[in-house]
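Counting starts at 1 for both ligands and their atoms, in listed order.
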Amino acid sequence: MDTKRISSTLEQALSTQMNVELFQSHTYLSYGIWADDKGYGGIANFLMRHSQEEREHALKFMKYVLNRGGKPTVTGQSATPKDPQNMTDCFNLVFKHEVENTEKIYKLVDMAFEEKDWATWNFLQWFVKEQIEEETLAMDLIDKLKIAGGDQASDESLFTLDKTLGETPDEGELARNATSENP
Ligand code: FEO
């Protein structure tokens, strides 16, 4: 008996998004390495923890497709983007990546809506909310750096910003802690 409860189109699209989230994870890891190399250990720590969060997002997509009787596929990853030119560029890029990801999530929501796949539509709402948080977080980074003086920030301001971001609570959560409210 066929127990698959998701269309092949959505199975494929969610599998693609799993790979997009993995790519985001690699991208933040590479930015974290860049920041660490520049001597910003706190910012590096923040970016690397965010990389872990993106991996958890990928696992949520993986788990959901499997739960619906589908089978996601891990594809090879493209090379990560070039290193940022400076801290302003880095935070602007984080914001850009998040906005692009939001657009991808919205497309998936559209697809689920068109298919009347309410289970998938409901699953995706967690990501709709999460993207609001992620975009806000990226906007905050840009604002904090602006207040610190942007590219002209003094060493002291950057030191303080680095320290603050290094101490930002880790919001990453393991996929095995998922519930129906938090897939
Ligand atoms: Fe998984 Fe930052 O979006």
Next on the checklist: Evaluate E130 against H57 for side-chain hydrogen bond (donor to acceptor under 3.5 Å, both in side chains), listing each step before the verdict.
Outcome noted: CA-CA 10 Å; E130 178 69 6; H57 293 172; 3.2 Å; yes
Is it the case that the side chain of [X] and the backbone of [Y] share a donor-acceptor pair, with hydrogens and angles ignored and the cut-off at 3.5 Å?
| X | Y | answer |
| --- | --- | --- |
| D162 | I43 | yes |
| Q131 | E98 | yes |
| E11 | K71 | yes |

Item to check | Salt bridge K163-E167, side-chain N to carboxylate O under 4.0 Å | outcome: yes
Item to check | Listed protein N/O/S atoms, distance to atom 2 (Fe) of ligand 1 under 2.8 Å | outcome: E54 OE2, E98 OE1, E98 OE2, E134 OE1
Next on the checklist: Before we go on, tell me: are the rings of H26 and Y31 under 6.0 Å apart, centre to centre?
Outcome noted: no
